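Numbering of residues begins at 1 and proceeds along the displayed sequence. These figures come from a predicted structure and were not determined experimentally.
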Amino acid sequence: TRSTRPQRLLRAVQKKAIKGDPQSVISTIDYFCRHSEWAMNVGDEKGVILDSVVCEVSPSTALELGTYCGYSTVRIARLLPPGTKLITLEFNPDYAAVARQIIEYSGLQDKICLVEGASGDLIPKMQELFGIKTFDFVFLDHWKDRYLPDIKLLEECQLLRKGSILLADNVICPGTPDYLEYVRNSPRYESKYFKSHLEYTKVEDGLEKSVFLG
Ligand SMILES: Cc1ncnc2c1ncn2[C@@H]1O[C@H](/C=C/CNC(=O)c2cc(-c3ccc(F)cc3)cc(O)c2O)[C@@H](O)[C@H]1O
Ligand SMILES: [Mg+2]
């Protein structure tokens, strides 16, 4: 049977990227998505904004919702201080399998913990599975109708603390209207929009950065 797009993306990484070099893995994926096949990675333009927020927060504990092929997983993990871990959640086993290989190729496997399962099931288990008290940083990039229920779940599970940073992809395209309305109007968040473009295109999109006020 025909290979899947994530498998073709993985093959491009294994063929063209330098093993153990996260930047070359990132550049190879961006080149592949720009010149061969578009894929729903956060991409290079929004990726620079993601990088700047990760560097500013310099999180000790970080969570990513929706690994897909691991592009943003590698982007985030390459900037984390030594000894910190990025937990990334992915419920599609085929995507998880590709992501594991891309993460391993980048050499960042020691900074990343990929957990297979649905965010709604796993978020309540973060304390028992990983001894996590709160997350300093959360990157949301999974199904767009899960952003709002999942941050409400993070609040309920007391996994956010005063100053925790949420960064959400695709708040314009495909769009996350209920999430945006919530974080922009809730007194418990201070929110800011970073205007950009949908990965590898000229279509408007952007990232919403929200600080949990406790
Ligand atoms: C509750 C739960 N738990 C665990 N894993 C979960 C999960 N819900 C989803 N996942 C996982 O996360 C990824 C899903 C990502 C969804 N992203 C998008 O749909 C997306 C789409 C576009 C896009 C824009 C314009 C177009 F014309 C077409 C597509 C751009 C993007 O950047 C996107 O992120 C995928 O790997 C899925 O298995
Ligand atoms: Mg996205």
Side-chain angles (χ1 to χ4, degrees), residues 1-44 46-47 50 62-78 80 85-126 129-130 135 138-150 153-154 167-170 173-176 179 198-201 205 207:
T1 54
R2 183 169 150 69
S3 65
T4 65
R5 182 169 308 185
Q7 284 167 334
R8 293 193 291 275
L9 194 149
L10 168 61
R11 197 168 57 225
V13 166
Q14 293 168 331
K15 190 160 171 251
K16 299 203 172 61
I18 302 158
K19 198 160 172 46
D21 177 348
Q23 191 52 56
S24 92
V25 169
I26 290 163
S27 307
T28 299
I29 293 172
D30 285 329
Y31 187 90
F32 177 83
C33 292
R34 220 173 256 290
H35 301 288
S36 303
E37 291 189 74
W38 186 93
M40 60 182 177
N41 314 117
V42 74
D44 43 5
K46 289 186 287 180
L50 169 62
L63 174 68
E64 175 181 58
L65 304 179
T67 316
Y68 188 45
C69 295
Y71 174 89
S72 48
T73 320
V74 167
R75 267 205 99 106
I76 295 165
R78 86 191 200 286
L80 291 180
K85 267 244 198 273
L86 169 63
I87 295 169
T88 182
L89 310 184
E90 175 53 58
F91 66 14
N92 180 311
D94 300 326
Y95 294 163
V98 165
R100 284 190 203 288
Q101 294 172 81
I102 287 180
I103 288 162
E104 202 180 311
Y105 200 88
S106 73
L108 291 170
Q109 60 280 359
D110 297 346
K111 301 178 91 101
I112 294 162
C113 185
L114 196 167
V115 190
E116 279 187 52
S119 52
D121 300 333
L122 291 170
I123 285 171
K125 294 182 180 159
M126 283 297 121
L129 286 175
F130 301 102
F135 285 109
V138 182
F139 182 55
L140 298 95
D141 196 18
H142 56 337
W143 291 158
K144 307 314 161 193
D145 61 3
R146 291 297 315 170
Y147 284 24
L148 182 54
D150 281 350
L153 189 56
L154 286 165
L167 190 65
D169 190 25
N170 310 116
C173 177
T176 61
Y179 173 83
L198 174 69
E199 49 267 28
Y200 319 114
T201 77
D205 187 22
L207 300 171

A.B. asks: Looking only at side chains, do Asp145 and Tyr179 share a donor and an acceptor under 3.5 Å apart?
C.D. replies: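 Checked: Asp145/Tyr179 side chains show no N/O donor-acceptor pair below 3.5 Å.
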A.B. asks: Scan for ring-ring contact (aromatic ring centres under 6.0 Å, His included) pairs involving residues 102-123, sequence neighbours excluded, and state none if there are none.
C.D. replies: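 Applying ring-ring contact (aromatic ring centres under 6.0 Å, His included) to every pair that reaches into residues 102-123, excluding sequence neighbours, yields nothing.
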A.B. asks: Between Met126 and Leu89, which heavy-atom pair has the shortest distance, and what is it?
C.D. replies: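 Looks like CE-CD2, 4.0 Å.
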A.B. asks: Quick one, Thr88 and Ile76 - any side-chain contact, counting heavy atoms below 4.5 Å?
C.D. replies: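 Result no, sub-4.5 Å side-chain heavy-atom pair not found.
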A.B. asks: With a 6.0 Å cut-off (strictly less than), is the heavy-atom count around OH of Tyr31, excluding the residue itself, greater than 12?
C.D. replies: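 Atom OH in Tyr31 is not crowded, with 12 or fewer foreign heavy atoms closer than 6.0 Å.
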A.B. asks: If every non-hydrogen atom of Lys46 is compared with every non-hydrogen atom of Asp169, which pair is closest and at what distance?
C.D. replies: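 Taking every non-hydrogen atom into account, NZ-OD1, 2.7 Å.
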A.B. asks: Measuring from Ser106:OG to Lys19:NZ, what's the distance to the nearest 0.5 Å?
C.D. replies: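 Answer rounded to 0.5 Å: 8.5 Å.
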A.B. asks: Start with the C-alpha gap between Ile102 and Leu10, add the side-chain angles, then the distance that decides, and say whether side chain to side chain contact (heavy atoms under 4.5 Å, CB included) holds.
C.D. replies: CA-CA 6 Å; Ile102 287 180; Leu10 168 61; 3.7 Å; yes
A.B. asks: When you compare the side chain of Phe139 with that of Leu65, does any pair of heavy atoms fall below 4.5 Å?
C.D. replies: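 Not in contact.
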A.B. asks: Test your reading of the model: is there a side-chain donor-acceptor pair from Lys111 to the backbone of Leu80, 3.5 Å cut-off?
C.D. replies: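 Checked: pair present.
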A.B. asks: About how many Å separate OG of Ser36 and CD1 of Ile29, when rounded to the nearest 0.5 Å?
C.D. replies: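 Between Ile29 CD1 and Ser36 OG, I get 12.5 Å after rounding to 0.5 Å.
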A.B. asks: Which heavy-atom pair separates Trp38 from Thr201 by the least distance, and what is that distance?
C.D. replies: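 Closest pair (atom of Trp38, atom of Thr201, distance): NE1-CG2, 3.9 Å.
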A.B. asks: Counting C-beta onward and ignoring hydrogens, is there a side-chain heavy-atom pair between Phe32 and Lys16 closer than 4.5 Å?
C.D. replies: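 When only atoms from C-beta onward are counted, Lys16 and Phe32 do not touch, as no gap falls below 4.5 Å.
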A.B. asks: Within the structure provided, determine whether Leu50 and Ser72 are in side-chain contact (heavy-atom separation under 4.5 Å).
C.D. replies: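 Leu50 reaches Ser72 side chain to side chain.
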A.B. asks: Report yes or no: does Glu199 contribute a side-chain atom to a donor-acceptor pair with the main-chain N or O of Gly43 at less than 3.5 Å?
C.D. replies: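 Between the backbone of Gly43 and the side chain of Glu199 there is no qualifying donor-acceptor contact (under 3.5 Å).
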A.B. asks: How would you list all residue pairs meeting side chain to side chain donor-acceptor pair (under 3.5 Å) that involve residues 91-101, not counting sequence neighbours?
C.D. replies: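 Output for this query lists Arg100-Glu116.
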A.B. asks: Report the C-alpha distance between Ile87 and Leu129 in whole Å, list the side-chain angles of each, state the deciding distance to 0.1 Å, and finish with yes or no for side chain to side chain contact (heavy atoms under 4.5 Å, CB included).
C.D. replies: CA-CA 11 Å; Ile87 295 169; Leu129 286 175; over 6 Å; no
A.B. asks: Closest approach of Gly120 and Pro124, non-hydrogen atoms and distance?
C.D. replies: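 For Gly120 and Pro124, the tightest heavy-atom pair comes out as O-CD, 3.3 Å.
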A.B. asks: Does the side chain of Thr4 reach to within under 4.5 Å of the side chain of Gln7, using non-hydrogen atoms?
C.D. replies: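 Thr4 reaches Gln7 side chain to side chain.
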A.B. asks: Any ion pair linking Arg34 and Asp44 (charged N to carboxylate O, less than 4.0 Å)?
C.D. replies: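 Judged by the 4.0 Å cut-off on N to carboxylate O distance, Asp44 and Arg34 do form a salt bridge.
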A.B. asks: For the residue pair Arg11 and Ser3, what are the closest heavy atoms and their distance?
C.D. replies: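 For Arg11 and Ser3, the tightest heavy-atom pair comes out as NH1-OG, 4.3 Å.
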A.B. asks: Within the 4.5 Å heavy-atom criterion, are Leu114 and Thr73 side-chain neighbours or not?
C.D. replies: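 They are not in contact (no side-chain heavy atoms under 4.5 Å apart), so the answer is no.
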A.B. asks: Could you give the distance from CG (Leu207) to CG (Asn170), rounded to the nearest 0.5 Å?
C.D. replies: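 Interatomic distance, Leu207 CG to Asn170 CG, rounded to 0.5 Å: 8.0 Å.
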A.B. asks: Atom CG of Leu140 and atom CG of Leu148: how far apart are they, to the nearest 0.5 Å?
C.D. replies: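 Answer rounded to 0.5 Å: 10.5 Å.
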A.B. asks: Minimum heavy-atom separation for Arg5 to Ala39, with atom names?
C.D. replies: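 Smallest heavy-atom distance, with atoms named: CD-CB, 4.1 Å.
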A.B. asks: Do Leu154 and Leu63 have side chains that approach each other closer than 4.5 Å (heavy atoms only, starting at C-beta)?
C.D. replies: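 Result yes, sub-4.5 Å side-chain heavy-atom pair found.
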A.B. asks: Distance from Leu167 atom CG to Asp141 atom CG, nearest 0.5 Å?
C.D. replies: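 Nearest 0.5 Å value for the CG-CG distance: 9.5 Å.
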A.B. asks: Please answer whether the main-chain N or O of Tyr71 pairs with a side-chain N or O of Asn41 as donor and acceptor at a distance below 3.5 Å.
C.D. replies: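 No.
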A.B. asks: Any side-chain heavy atom of Arg78 within less than 4.5 Å of one from Leu108?
C.D. replies: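 When only atoms from C-beta onward are counted, Leu108 and Arg78 do touch, with a gap below 4.5 Å.
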A.B. asks: About how many Å separate OG1 of Thr28 and CG of Asp21, when rounded to the nearest 0.5 Å?
C.D. replies: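 Here the rounded value is 8.5 Å.
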A.B. asks: Angle between ring planes, His142 versus Tyr147, binned at 30° and 60°: parallel, tilted or perpendicular?
C.D. replies: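 Parallel, since the angle between the ring planes stays under 30°.
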